[in-house]
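The block underneath contains the structure these notes are about, expressed in structure tokens.
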Amino acid sequence: MAWTWKVPAIALGMAVGSLSLAAVAKVELDGKLLLERADKTQQSYTRSGGGALNLNLEPGDRACVTQGKARLTYGNRVFTLQAPKACFEVARPKSLWDKLVQTCQDVGICQREAEAAFAKPAKSRGDAAGAAPLLYVPEFFDLPALRLPVAGERYPKVLKLLDAQGKEIYREEIARKDLEGAYSLPAEKLRLAARVQVKSTDNTVFYEAPVLWVQGEWPALPTLRERGLSLFLGQSLSYAPAAYSYFLASGDVQLAQTLEKQIRESFVGTAR
């Protein structure tokens, strides 16, 4: 996740380089793991038992088990990574959070920060055509439902949440274009879900992706707006629906509208 903030005076990208301290994580892996670095590079690992992986993790790095399970030891804490709680993210320095809060006192600048934080990654060689973002949910998510706006011209459209065995555990239908809005994914169902799927009744796929809850050392934030802003620090489009949900709940209409446009444009296609 590269720090490509659009306001030079904030210089968050420079702060990452000067404050990042790597720490070794021990990973006992039985399956597949995707390591997303803070600079947007990715590494994948496949293991079936055997010796543990030793990974140097820096602030902003994220490890996600995409198949199977893993036991990750970071410092004196141990995390079990298995769907749906399949990811671990290293916290960013507090100084970056303080700078972001200061920046977002100006709504216009904060909207630009949102656009940068949740920008769709540029395709690199070897990317699958039409690959969609995953759906990340931070483990601190405490709203009754996550809101997910999905574009598409065919109706009716049906959203389904599927568990790890592919069994449907929730569905919601939008019957007509004039009813178009954002789907509401109940948090209690989302915690049991392995995939989210939005299709038309003629089986046209609008969006389909894994649901991944992200564990880590999240800051304790008292307001809904702050919880939404904290997801800017993840620098991943996959956090956009969770941030959008917090801004709707807090009444930050301008920020919510900015993210809704990005989500409708980017949450299209299929992610494996």
Side-chain angles (χ1 to χ4, degrees), residues 1 31-36 42 44 62-70 72 79-89 117-118 120-121 128 130-152 157-174 181-199 205-216 218 227-228 230-231 234-249 259-260 262-264 266-272:
M1 311 302 163
K32 295 182 180 179
L33 181 139
L34 176 67
L35 177 59
E36 299 178 281
Q42 297 183 348
S44 59
R62 185 183 304 110
C64 290
V65 170
T66 57
Q67 184 177 314
K69 61 183 178 179
L72 184 148
F79 298 87
T80 298
L81 305 184
Q82 185 175 17
K85 290 188 176 181
C87 297
F88 168 77
E89 183 171 315
F118 303 121
K120 188 171 185 178
L134 308 173
L135 182 60
Y136 287 156
V137 189
E139 66 175 345
F140 66 75
F141 190 80
D142 57 354
L143 297 176
L146 182 140
R147 301 280 286 169
L148 178 64
V150 176
K157 286 191 296 194
V158 179
L159 175 142
K160 297 180 183 179
L161 290 177
L162 309 175
D163 66 13
Q165 288 72 46
K167 179 182 176 182
E168 179 184 315
I169 58 175
Y170 177 76
R171 75 154 45 203
E172 181 182 345
E173 181 175 313
I174 293 179
Y183 289 101
S184 293
L185 285 60
E188 71 272 15
K189 298 294 185 181
L190 202 57
R191 290 188 182 277
L192 303 174
R195 291 189 73 81
V196 58
Q197 181 186 89
V198 182
K199 291 185 177 182
V205 176
F206 296 109
Y207 174 63
E208 183 175 355
V211 176
L212 299 174
W213 286 77
V214 184
Q215 304 174 72
W218 299 98
R227 290 170 211 165
S230 71
L231 297 174
Q235 289 286 288
S236 173
L237 178 60
S238 296
Y239 279 127
Y244 170 72
S245 301
Y246 273 113
F247 293 137
L248 283 179
L259 293 191
E260 180 172 346
Q262 288 180 276
I263 294 167
R264 288 190 187 278
S266 302
F267 279 66
V268 178
T270 300
R272 296 301 174 190

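Here the structure is a predicted model, which is why all the values come from computation and not from measurement. Just so it is clear, the values below take in all heavy atoms, side chains as well, and ignore hydrogens, waters and symmetry mates.
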note = Of I169, L148, L146, the one forming a side chain to side chain contact (heavy atoms under 4.5 Å, CB included) with L190 is L146

Residue pair [X] / [Y]: nearest heavy atoms and the distance that separates them:
{"X": "Y170", "Y": "S184", "answer": "OH-O, 3.1 Å"}
{"X": "L81", "Y": "A63", "answer": "CD1-O, 4.0 Å"}
{"X": "R195", "Y": "A271", "answer": "NH2-O, 2.8 Å"}
{"X": "A243", "Y": "L231", "answer": "N-CD1, 3.5 Å"}
{"X": "V205", "Y": "E208", "answer": "CG1-CB, 4.2 Å"}
{"X": "G228", "Y": "F247", "answer": "C-CZ, 3.7 Å"}

task = Return the orientation label for the F141 and W213 ring planes: parallel under 30°, perpendicular over 60°, tilted otherwise.
result = perpendicular

Between atom [atom1] of [X] and atom [atom2] of [Y], what is the distance when rounded to the nearest 0.5 Å?
{"X": "L161", "Y": "E172", "atom1": "CG", "atom2": "CD", "value": "9.5 Å"}
{"X": "C64", "Y": "L33", "atom1": "SG", "atom2": "CG", "value": "7.5 Å"}
{"X": "E89", "Y": "L212", "atom1": "CD", "atom2": "CG", "value": "12.0 Å"}

Mind checking side chain to side chain contact (heavy atoms under 4.5 Å, CB included) for [X] and listing every partner two or more places apart, or none if nothing turns up?
{"X": "A194", "result": "A164"}
{"X": "K160", "result": "V158, L162, E168, R171, Q197"}
{"X": "A83", "result": "none"}

Close side-chain approach of [X] and [Y], heavy atoms under 4.5 Å:
{"X": "L185", "Y": "L159", "answer": "yes"}
{"X": "L135", "Y": "P241", "answer": "yes"}
{"X": "T80", "Y": "Q215", "answer": "no"}
{"X": "F118", "Y": "S266", "answer": "no"}

Distance-only side-chain donor-acceptor flag, Y246 / D142, under 3.5 Å = yes

Any donor and acceptor pair, going by atom type alone, linking the side chain of [X] with main-chain N or O of [Y] inside 3.5 Å?
{"X": "R62", "Y": "G234", "answer": "yes"}
{"X": "Y207", "Y": "P133", "answer": "yes"}
{"X": "Q42", "Y": "L34", "answer": "no"}
{"X": "K157", "Y": "V150", "answer": "yes"}
{"X": "E139", "Y": "G216", "answer": "yes"}

message = Surrounding NZ of K32 (heavy atoms of other residues, nucleotides or ligands, distance under 6.0 Å), is the total greater than 12?
response = no

request  = For side-chain contact (heavy atoms from CB on, under 4.5 Å), just list the numbers for Y239 and V214, CA-CA rounded to whole Å, side-chain angles, deciding distance to a tenth of an Å, and then say yes or no.
outcome  = CA-CA 10 Å; Y239 279 127; V214 184; 3.3 Å; yes

